[in-house]
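Have a look at the structure below before the remarks.
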Amino acid sequence: MSAEFPYVRPRRLRQSPAMRRLVAETRLHPAELVLPLFVREGVSEPVPVSSMPGVVQHTRDTLRKAVVEAAEAGLGGVMLFGVPAVQDAIGSEGTNPDGILQRAIRDVVAEVGDALVVMSDLCLDEYTDHGHCGVLAADGSVDNDATLERYAEMARVQADAGVHLVGPSGMMDGQIAVIRRALDEAGHQDTGILAYTAKYASAFYGPFREAVGSSLKGDRKAYQQDPANAREALRELEQDLAEGADLVMVKPGMAYLDILRQIADASPVPVSAYQVSGEYAMVEAAAANGWIDRERMIMETLTSLRRAGAEQILTYWAVEAAGMLK
Ligand code: PBG
């Protein structure tokens, strides 16, 4: 076979590890990784989440140890989820100043607050007995504006506990504005908002429901986005920015790389991605069967999120990935 001259040989830049390292466009760093953590009220031992091998619901004690480990690994932050002992229709424990999440925030800020950005989920599904992200209207639908009042109160108690960034994940219209105002009026001007901006109604959240003991029957399609739609993600972005979001997030990760790229191209504020429970579970399950190379899969999926525009990545592999990056 004779080749045309000049002969284009992209393989020259792939021929050695040193050459590949020199020309890599995308790099991962532990500082951009955020570890989601679950803390459960009333348990004396960590409780494994069976659909997420390696992930547990922490006790307050083991949570403290986990965040020290996260800080030592050089992570950027942690995202805390509370699992209360009692759920009710309005998610009362979510606004209890002594509720499990608020106690955990205090513990974690005291332990590693200077080394890590401490974030907390601001949503009602962990706390409601029906499992929805808000309070219900008489007809059983999620009442947007009544839910916003609950979110405002959640923002206040989480900020009082010292959290650095609240993470509203409920996809109610107007949630960022209401939370921003509640924070400012309570003197928490410096508490930021990591907005779940483009959050899709996804089957990839399946294992998370076990992790937070959610009893949801049905789905969240009336408030989370339709996987068929990309354009409305840009509308959500515009709205969240206008309402005061400090960072914006796309979720899930791998099945939404196109959305991530579009948001990253349009956003003047940092863009995060959440590699969710189902993404984690799929890789762990396939690896447990010996079907894939687990470590390469972890790095490849994280790299793809970074390449698509994520500047922060929430991932259950954060500590392990940071170790691999050293
Ligand atoms: C809502 C919330 C969910 C996740 C993060 N925040 C669940 C949902 O919207 O159904 C999912 C995270 C994951 O799957 O890892 N509080």
Side-chain angles (χ1 to χ4, degrees), residues 33-40 49-57 77-84 87 91 93-95 99-101 104 119-135 142 147 150-151 154-155 158 163 165-172 175 179 193-227 236 247-256 272-285 301-302 305 310 312-318:
L33 300 178
V34 176
L35 178 67
L37 288 163
F38 304 101
V39 56
R40 178 163 166 182
V49 179
S50 64
S51 53
M52 301 176 73
V55 174
V56 300
Q57 296 172 323
V78 290
M79 172 64 82
L80 306 177
F81 294 89
V83 185
Q87 298 170 323
E93 284 304 299
T95 49
I100 183 64
L101 180 58
M119 315 176 197
S120 51
D121 190 54
L122 198 168
C123 193
L124 281 169
D125 62 318
E126 297 95 322
Y127 305 96
T128 53
D129 53 11
H130 45 74
H132 275 294
C133 293
V135 294
V142 174
T147 299
R150 302 285 299 131
Y151 286 0
M154 286 187 91
Q158 293 181 7
V163 82
L165 293 175
V166 294
S169 63
M171 292 303 281
M172 295 302 131
Q175 61 184 7
I179 289 167
I193 304 177
L194 164 58
Y196 285 62
T197 290
K199 177 171 177 183
Y200 285 85
S202 172
F204 283 98
Y205 309 144
F208 176 91
R209 308 264 159 95
E210 182 198 341
V212 298
S214 167
S215 35
L216 180 71
K217 293 181 196 71
D219 58 52
R220 308 199 196 289
K221 291 179 185 169
Y223 42 103
Q224 298 178 345
Q225 288 175 241
D226 185 340
E236 291 279 359
L247 301 88
V248 295
M249 183 151 69
V250 174
K251 175 181 175 195
M254 203 162 60
Y256 295 85
S272 309
Y274 197 143
Q275 183 175 58
V276 301
S277 58
E279 300 178 68
Y280 175 91
M282 285 196 308
V283 171
E284 290 291 342
T301 54
L302 291 173
L305 292 166
Q312 297 78 36
I313 303 176
L314 281 73
T315 173
Y316 298 98
W317 289 307

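As the structure lists them, so they are numbered: ligands from 1, and atoms in each ligand from 1.
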Exercise for the section: Could you list which atoms of ligand 1 come closer than 4.0 Å to a heavy atom of Lys251? Expected result: 2 (C), 3 (C), 4 (C), 5 (C), 6 (N), 11 (C), 12 (C)

Practice task
With heavy atoms of Tyr274 as the reference, note each atom of ligand 1 found under 4.0 Å away.
Solution key: 12 (C), 15 (O)

Practice task
Considering the heavy atoms of Ser169, write down every atom of ligand 1 situated less than 4.0 Å from one of them.
Solution key: 1 (C), 2 (C), 6 (N), 16 (N)

Exercise for the section: Anything under 30° is parallel, anything over 60° is perpendicular, the rest tilted; go ahead and classify Phe81 against Phe208. Expected result: perpendicular

Handout entry: Any residue meeting side-chain contact (heavy atoms from CB on, under 4.5 Å) with Glu279, in chain and number order, not counting sequence neighbours
Key = Phe204, Pro252, Met254, Gln275, Val276

Practice task
Applying side chain to side chain contact (heavy atoms under 4.5 Å, CB included) between Ser120 and each of Val166, Val78, Leu165, report the one that passes.
Solution key: Val166

Completion exercise
Within 4.0 Å of some non-hydrogen atom of Asp121, the atoms of ligand 1 are 6 (N), 16 (N)

Problem - Heteroatom proximity flag, Asp125 to ligand 1, N/O under 3.5 Å - result: yes

Practice task
Answer yes or no for Tyr280: is there a heavy-atom contact with ligand 1 below 4.0 Å?
Solution key: no

Problem - Option with minimal heavy-atom separation from atom 10 (O) of ligand 1, where the choices are Lys199, Arg209, His132 - result: Arg209

Handout entry: Identity and separation of the nearest protein heavy atom to atom 14 (O) of ligand 1
Key = Ser277 OG, 2.7 Å

Handout entry: Glu284 vs Trp317 side-chain heavy atoms within contact, under 4.5 Å
Key = yes

Handout entry: pair Lys221-Asp226: side-chain heavy atoms closer than 4.5 Å
Key = no

Handout entry: Where ligand 1 meets Tyr316 - atom numbers and elements under 4.0 angstrom, heavy-atom basis
Key = 12 (C), 13 (C), 15 (O)

Exercise for the section: Provide, to 0.1 Å, the distance between atom 8 (C) of ligand 1 and the closest protein heavy atom, together with that atom's residue and name. Expected result: Arg220 NE, 3.4 Å

Handout entry: Proximal atoms of ligand 1 relative to Cys123 (non-hydrogen, under 4.0 Å)
Key = 1 (C), 16 (N)

Handout entry: Where at least one partner belongs to residues 204-213, residue pairs that pass salt bridge (charged side-chain N to carboxylate O under 4.0 Å, His left out), sequence neighbours excluded
Key = none

Exercise for the section: Within a distance under 4.0 Å of any heavy atom of Glu126, pick out the atoms of ligand 1 and give their elements. Expected result: 16 (N)

Problem - Residue pair Arg220 / Tyr205, side-chain heavy-atom distance below 4.5 Å - result: no

Practice task
Mark yes or no for whether Thr197, through its side chain, and Glu236, through its backbone, hold a donor-acceptor pair below 3.5 Å.
Solution key: no

Practice task
Compare all side-chain heavy atoms of Lys199 with those of Ser169 and state whether any distance is below 4.5 angstrom.
Solution key: yes

Fill in the blank from the handout: atom 12 (C) of ligand 1 sits nearest the protein heavy atom Phe208 CD1, 3.3 Å

